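This is a predicted model, so every value here is computed, not measured. Every number for a ligand or one of its atoms is a count from 1 in the order of the listing.
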Amino acid sequence: MTSDAAALLRDVFGFDDFRPGQGEIVETVTGGDNVLAIMPTGGGKSLCFQLPALLRDGVTVVISPLIALMRDQVRALQEAGVEAGALTSGNTPEETDAVWAGLETGRLKLLYMAPERLASGAALNMLRRIGVSLIAVDEAHCVSQWGHDFRPDYLRIGELRRALNVPLAAFTATADAETRDEIVEKLFDGIAPQTFLRGFDRPNIHLAFASKDGPRKQILDFADARRGRSGIVYCGTRNKTEALAQALRDDGHSACHYHGGMEAEDRRIVETRFAREDGLIVVATVAFGMGIDKPDIRWVAHADLPKSIEAYYQEIGRAGRDGAPAETLTLFGPDDIRLRRSQIDEGLAPPERRAADHARLNSLLGLAEALVCRRQVLLGYFGESSEPCGKCDLCDAPAEVFDGTTAVRKALSAILRTEEWFGSGHLIDILVGNETDRIKERRHDQLSTFGCGTEYDKRQWQAVFRQMMGHDLVRPDPERHGALRMTETALPILRGEAAISLRRDTIRKASRRPAVKALVSEEDAPLLSALRAKRRALAEAARVPAYVIFNDRTLIEMAERRPASLDDLARIGGVGAKKLERYGAMFLEVITGAVEALHPTRRKLAGQVAGSVFDQLLEVQADLARGTDGTDKPLSCSASQLAKVAKLRPDSLDALSRVLGDRRAERFGPAFLDVLREAG
Ligand code: ADP
Ligand code: ZN
């Protein structure tokens with residue numbers, strides 16, 4: 001990385017290194033090429049346009065779909081000392097004035113805008129005037145009219161790029177090829193930009209799936225084991241969000257629901273509460289998503305199966321953006337599969353799109369029924385290979401597998417002999433030889449398959465059918481009220497040409513409660529909660545979300561490494577220069593129990609080489625306060641003179657006297673020069 005980029009990364013953002021993929025993207029965007037970067041939620045996309053914005057001349061316009069998200073990013077940038085502003089309908093007149101003042105004086109580096117603004121000709125004229133040198137588009141998949149995040153105003157961005165004739169960098173977490181093609185078509189006129197697909201692994205997120213077995217209790221148990229930590233529960237329906245939120249409240253949690261049917265104002269209240277409060281649970285439909293920029297979400301649970309592997313990935317990816325440990329649990333059952341299939345079949349998308357959607361659902365089901373490390377399966381889908389991760393339920397407790405070929409063939413035979421007109425309930429009655437009225441009425445007790453599957457009970461057969469759906473051997477047919485029909489994939493098994501392994505542990509009842517992982521060791525826990533309390537107090541006073549002060553990961557590192565000085569503190573990830581200056585002493589006080597007595601001028605140099613040079617100069621000066629033989633008149637330099645020397649590093653007595661004046665240069669000069677030479 002260039003030294004400028006490295007310095008800004010360190011001083012403004014407080015990070016030592018780039019995350020996977022960030023370095024190349026920053027370099028390419030800064031270089032002025034068009035870029036499409038596909039990075040997971042939480043992968044650190046914002047840095048990939050914020051850093052180039054600081055490295056390039058002129059203003060970077062950031063188009064982002066959500067006002068709340070823009071305001072958070074602007075606030076976080078301002079906290080870090082960056083000139084950034086947003087023009088949104090949510091601005092106060094003062095905020096808008098400040099943005100204009102920043103633009104007119106040429107100070108503003110990042111201008112956030114909602115896509116709706118692009119509709120007015122005035123906005124375009126304004127953008128032409130202010131010297132835009134880069135357009136960054138966040139959530140670029142909003143141009144895709146097949147996605148649920150479609151924003152018609154995003155289609156104007158292509159025009160904007162042509163009109164301003166500046167490079168464009170587009171960012172999204174949506175990985176599928178169709179969406180990618182649409183982005184290239186609509187934002188880049190079909191000319192492929194430099195494309196980056198990186199860093200899909202989110203190693204701090206623990207992955208787990210469980211088949212539904214008293215799902216409400218499964219979710220309540222999961223939440224109970226994580227009391228006091230912020231989490232999201234995704235549900236398939238609006239009604240369920242309300243019911244589950246109530247159940248969580250009855251259980252003593254602080255929880256609220258969120259869905260697309262609520263008034264905009266009510267949704268905004270939930271978004272704000274979630275951002276600000278520690279430990280709130282939001283029970284939501286997928287409508288709760290794009291605007292959620294909270295880095296310290298500690299867990300995500302799915303009370304119902306998501307609609308595709310991309311949706312799953314994006315939803316769990318909202319957890320643990322700060323890099324600290326986060327956990328997930330995804331529940332699924334045959335009804336989910338049926339629901340998702342019928343949603344695709346009944347949707348308005350063209351046939352190819354529907355086929356692709358079925359395939360994406362299949363990939364998710366494959367993940368749900370995985371027999372080996374889930375992360376390997378998940379990353380494999382995104383084209384990345386990896387070792388068993390050690391951070392998923394299947395690495396924690398390997399699946400027990402059995403040869404399911406015979407069971408599957410019996411089930412297929414029951415389906416075919418009843419001419420693909422029945423659902424799993426009736427089919428299981430046939431297999432276990434249950435003489436129900438329906439069986440007798442249809443004379444299914446006469447079939448050769450009747451009672452041929454008594455080695456399993458009803459619930460075990462349910463697991464077999466669910467896994468058959470998961471492997472896409474059978475699909476419910478919406479035109480036959482969900483009756484199961486065999487797919488081509490099943491033919492080799494039916495003909496005895498292929499075998500299939502099934503999981504046994506999902507057949508057996510016991511679903512162990514997933515282990516809870518503490519964020520820090522027992523001895524560091526009290527300090528971590530003290531640091532969180534400090535953060536909460538500061539956040540409440542400033543009326544900003546807690547993570548704008550410091551995120552969880554930063555506090556965890558503080559609790560574990562226990563920095564003893566501001567210099568040590570500056571080395572903690574996430575502690576940039578501005579934050580160190582503003583909050584460093586307060587957090588250090590919590591850690592050391594005492595304020596470090598430091599001159600404010602010195603404090604500004606904390607974490608820099610100049611800081612330790614300053615300390616040495618101070619020492620040397622003390623020795624020479626009364627001259628070499630201790631008899632002269634007392635003399636000293638001011639803190640700001642010393643800071644200047646430490647930073648400018650003059651290399652001669654002449655240069656020194658320009659900073660200190662002749663008298664001081666004469667007394668301290670030779671010793672100071674020694675210190676500076678020593679420091680290299
Ligand atoms: P997204 O890709 O979802 O937009 P963000 O840009 O919000 O992700 O970044 C997610 C989190 O990761 C933020 O809390 C951010 O501070 C942190 N982050 C980004 N880059 C780095 C880095 N190089 N080192 C450490 N943390 C980082
Ligand atoms: Zn694993």
Side-chain angles (χ1 to χ4, degrees), residues 1 5-6 8-10 12-26 37-51 62 64-66 69-70 72-73 76-77 79-80 136-141 171-174 196 198-209 275 289-297 313-324 326 328 367 370-380 386-399 545-557 572-576 579:
M1 95 179 91
L8 287 171
L9 185 66
R10 171 77 254 172
V12 176
F13 298 95
F15 304 137
D16 287 323
D17 295 301
F18 283 124
R19 291 232 181 110
Q22 281 180 330
E24 305 154 88
I25 299 174
V26 166
I38 300 139
M39 279 174 97
T41 308
K45 286 185 285 295
S46 354
L47 185 82
C48 295
F49 56 82
Q50 291 171 346
L51 194 51
V62 184
S64 173
L66 283 157
L69 188 138
M70 280 191 268
D72 274 358
Q73 285 207 3
L77 283 168
E79 279 290 306
V137 181
D138 207 359
E139 316 284 358
H141 62 279
F171 298 86
T172 179
T174 304
F196 298 88
R198 279 309 134 70
F200 271 83
D201 193 14
R202 298 281 307 283
N204 59 312
I205 300 181
H206 186 271
L207 309 175
F209 279 71
M290 221 170 38
I292 312 311
D293 203 17
K294 187 178 169 69
D296 53 356
I297 299 170
Y313 183 78
Q314 199 155 57
E315 286 150 24
I316 61 157
R318 301 205 165 104
R321 286 193 193 198
D322 54 9
T328 64
L367 180 64
L371 304 176
V372 296
C373 173
R374 290 201 201 275
R375 199 173 309 267
Q376 279 184 316
V377 177
L378 179 63
L379 292 179
S386 60
E387 296 297 302
C389 72
K391 275 193 196 159
C392 72
D393 53 347
L394 291 175
C395 282
D396 298 343
Y547 61 81
V548 167
I549 314 270
F550 286 125
N551 68 27
D552 276 1
R553 180 169 196 179
T554 301
L555 295 193
I556 290 169
E557 212 180 317
I572 302 276
V575 184
K579 290 197 182 175

Output the list of atoms in ligand 1 that are nearer than 4.0 Å to some heavy atom of [X], sorted by atom number.
{"X": "Pro40", "answer": "2 (O)"}
{"X": "Gly44", "answer": "1 (P), 2 (O), 5 (P), 6 (O), 8 (O), 9 (O), 19 (C)"}
{"X": "Asn551", "answer": "14 (O)"}
{"X": "Phe18", "answer": "23 (N)"}
{"X": "Asp17", "answer": "22 (C), 23 (N), 24 (N)"}
{"X": "Pro295", "answer": "14 (O)"}

Taking the side chain as everything from C-beta on, heavy atoms only, tell me whether Asn551 gets closer than 4.5 Å to Asp296.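 Side-chain contact under 4.5 Å: no.
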Do Asp72 and Tyr547 make a side-chain contact, defined as non-hydrogen atoms from C-beta onward lying under 4.5 Å apart?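 Result yes, sub-4.5 Å side-chain heavy-atom pair found.
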Given 3.5 Å as the limit, does a donor-acceptor pair link the side chain of [X] with the main chain of [Y], or not?
{"X": "Thr172", "Y": "Glu139", "value": "no"}
{"X": "Asp393", "Y": "Phe209", "value": "yes"}
{"X": "Lys579", "Y": "Phe550", "value": "no"}

Could you check [atom] against the protein and tell me its nearest heavy-atom contact, residue, atom and distance included?
{"atom": "atom 16 (O) of ligand 1", "answer": "Phe15 CZ, 3.3 Å"}
{"atom": "atom 17 (C) of ligand 1", "answer": "Arg19 NH2, 3.5 Å"}
{"atom": "atom 3 (O) of ligand 1", "answer": "Gly42 N, 2.5 Å"}

[atom1]-[atom2] distance between [X] and [Y], expressed to the nearest 0.5 angstrom:
{"X": "Phe15", "Y": "Arg10", "atom1": "CZ", "atom2": "CZ", "answer": "10.0 Å"}
{"X": "Asp16", "Y": "Leu9", "atom1": "CG", "atom2": "CG", "answer": "8.0 Å"}
{"X": "Ile38", "Y": "Ile25", "atom1": "CD1", "atom2": "CD1", "answer": "9.0 Å"}

Where the Zn ion (ligand 2) is the centre, what is the SG-to-SG angle for Cys389 and Cys395, rounded to 10°?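 Answer comes to 120°, rounded to 10°.
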Just to the nearest 10 degrees, tell me the angle at the Zn ion (ligand 2) spanned by Cys392 SG and Cys373 SG.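 The two atoms form an angle at the metal of about 120°.
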So is Gly43 close enough to ligand 1, meaning a heavy atom under 4.0 angstrom away?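 Per 4.0 Å heavy-atom rule, Gly43 contacts ligand 1.
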Say whether Cys48 and ligand 1 are in contact under the criterion: heavy-atom distance to a ligand atom below 4.0 Å.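 Flag not set, Cys48 not near ligand 1.
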Check step by step if side-chain contact (heavy atoms from CB on, under 4.5 Å) holds for Arg202 and Arg321. CA-CA 9 Å; Arg202 298 281 307 283; Arg321 286 193 193 198; 4.3 Å; yes
Carefully, step by step, assess Arg19 and Met39 under the rule side-chain contact (heavy atoms from CB on, under 4.5 Å). CA-CA 11 Å; Arg19 291 232 181 110; Met39 279 174 97; 5.7 Å; no
[X] contact mode with ligand 1 (heavy-atom cut-off under 4.0 Å):
{"X": "Ala173", "result": "neither"}
{"X": "Ser46", "result": "both"}
{"X": "Gln22", "result": "side chain"}

Among Arg321, Lys294, Lys45, which one puts a heavy atom closest to atom 7 (O) of ligand 1?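 Considering heavy atoms of Arg321, Lys294, Lys45, the nearest to atom 7 (O) of ligand 1 sits in Arg321.
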Using a strict threshold of under 4.0 Å (side-chain N to carboxylate O), is an ion pair present between Lys45 and Asp138?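 No.
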